[in-house]
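Notes follow the structure.
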Amino acid sequence: MVTTSFTTAKSEEIFATAQKLMPGGVSSPVRAFKSVGGQPIVFDRVKGAYIWDVDGNQYIDYVGTWGPAICGHTHPEVIGALKDALEKGTSFGAPCVLENVLAEMVVDAVPSIEMVRFVNSGTEACMAVLRLMRAFTGRQKVIKFEGCYHGHADMFLVKAGSGVATLGLPDSPGVPKSATSNTLTAPYNDLEAVKALFAENPDDIAGVILEPVVGNSGFIPPDGGFLEGLRLLTQEYGALLVFDEVMTGFRISYGGAQEKFGVTPDLTTLGKIIGGGLPVGAYGGRRDIMEMVAPSGPMYQAGTLSGNPLAMTAGIKTLELLNKAGTYDYLDKITKKLSDGLLQIAKECGHDVCGGQISAMLGLFFNPGPVHQYEDAKKSDLAKFSRFHRGMLERGIYLAPSQFEAGFTSLAHTEADIDRTLEAAREVMSRL
Ligand code: HOZ
């Protein structure tokens, strides 16, 4: 195991300059390592399941650029297709046939999606879907869950997960009260709380949006009956059900969490994997709702780079690679081996932990559990997680720098990678 040769001098030097140029030295908060301490690692290149920093250290990567790298980084078929597409141009700002190809793949795969609109990020997709929920129902209020993260648009920055949870931020300054006055919140997995909100506002709720499997307060699966209950409640009150599958889409299964759990929402947001590592997002759903979107209908939403040929190409190739027999069995097998192994080692080393996995998504809380919602996740031993994170980093294992983020595996992770990770975990856990 690598411990003594671990140096990060170049990373530190580059990050010192970055801090003078960019807020916190980063382009997105979670990666700043604020909650685990130490300095972020500055990376140079990626390949397969591995990532190399500017000091030459190699890591097994369980962040996978926060989800998109499910086929492994720089897959030769994705890169080859991108090189060909690049020669033809990076952006047309006009229709291209690649949009049809990816749209058809998404429609075929995701049970709720009959029509789709491509955008450039998950944030954009969620922002647009909220407008669509309101436009379609003519209602203003929306229910979101504590610790779920739907991007950084004003109306979602209420009890949000991901960076907001990681940094322990209260609601963000700069968000006007008027923007969030129609955002109602409930604890995740608490159907009674949602029932109460509907009973109080029977004619005012446009819909319910959630991560069907939470990845932004750590990994939290839905309790049995929760998704089904939301489906029935929204139908009863004439509201829409929206699954934010930016993280879970094409990861939990090819058809996402909605396919895995057999619950079909009215609308779905996607991102990450469908762009194969390039900036992309999408929202889609029932045809009668999607036909509200301009220019078919009156709800306005637009984007210069939306549906650009590079993002479409990377997405198409990535979905082609995923849509093969055995893909998800493999992802589930190696991820289960990792998750079970971590839980077992932690227990043998005397730590109170809980966690689990579904397909290629996993989590481990330093918390006796069970964790059903963000309030439970918050009780985790964050100082212990920080020491664990640092120890793993020093041994060549790159984990998300927050207890409140999920872990991701890819088709490029081998059994040997998992064994090496567990060996490192045993060393670290025995000294925590
Ligand atoms: N929203 C991402 C995690 N859920 C964080 C992205 C980043 O910091 O790069």
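The residues of the chain are indexed from 1 along the displayed sequence. Both counts, for ligands and for their atoms, begin at 1 and track the order of listing.
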Of the protein's non-hydrogen atoms, which lies at the shortest distance from atom 7 (C) of ligand 1, and what is that distance?
Ser28 OG, 3.2 Å
Apply salt bridge (charged side-chain N to carboxylate O under 4.0 Å, His left out) to the pair Asp340 and Lys336, showing each step before the final yes or no.
CA-CA 6 Å; Asp340 289 354; Lys336 184 168 174 25; 2.7 Å; yes
Please could you name the atoms of ligand 1 that Val30 approaches to less than 4.0 Å, counting only its heavy atoms?
8 (O)
Using a 4.0 Å heavy-atom threshold (strictly under), name the region of Val26 that reaches ligand 1: side chain, backbone, both or neither.
neither
Which atoms of ligand 1 sit under 4.0 Å from any heavy atom of Met247?
4 (N)
Note: ligand 1 atoms sitting under 4.0 Å from heavy atoms of Glu405 are 3 (C), 4 (N)
How long is the gap from CD1 on Ile334 to CG on Asp329, to the nearest 0.5 Å?
12.0 Å
What verdict does the salt bridge (charged side-chain N to carboxylate O under 4.0 Å, His left out) test give for Asp266 and Arg286, after you've listed the backbone C-alpha separation in whole Å, the side-chain angles of each residue and the deciding distance to 0.1 Å?
CA-CA 6 Å; Asp266 300 294; Arg286 271 168 39 196; 2.9 Å; yes
Option passing ring pair (Phe, Tyr, Trp, His ring centres under 6.0 Å) with Phe145 (candidates Phe156, Tyr374, Phe226):
Phe226
Where is the nearest protein heavy atom to atom 2 (C) of ligand 1: which residue, which atom, and how far?
Ser162 OG, 3.9 Å
Considering both backbone and side-chain atoms of Lys272, is one of its nitrogen or oxygen atoms within less than 3.5 Å of a nitrogen or oxygen in ligand 1?
no
For the CD atom of Gln258 and the CZ atom of Arg231, what is their distance to the nearest 0.5 Å?
10.5 Å
Return yes or no for this condition: an N or O of Tyr149 is under 3.5 Å from an N or O of ligand 1.
no
Are the side chain of Gln58 and the backbone N or O of Tyr50 linked by a donor-acceptor pair below 3.5 Å?
no
Using the ring-ring contact (aromatic ring centres under 6.0 Å, His included) rule, take Phe365 and Phe385 through it: C-alpha gap first, then chi angles, then the decisive distance, then the call.
CA-CA 8 Å; Phe365 290 107; Phe385 174 80; 9.3 Å; no
shortest atom 9 (O) of ligand 1-to-protein heavy-atom contact is with Arg31 NH2, 2.7 Å
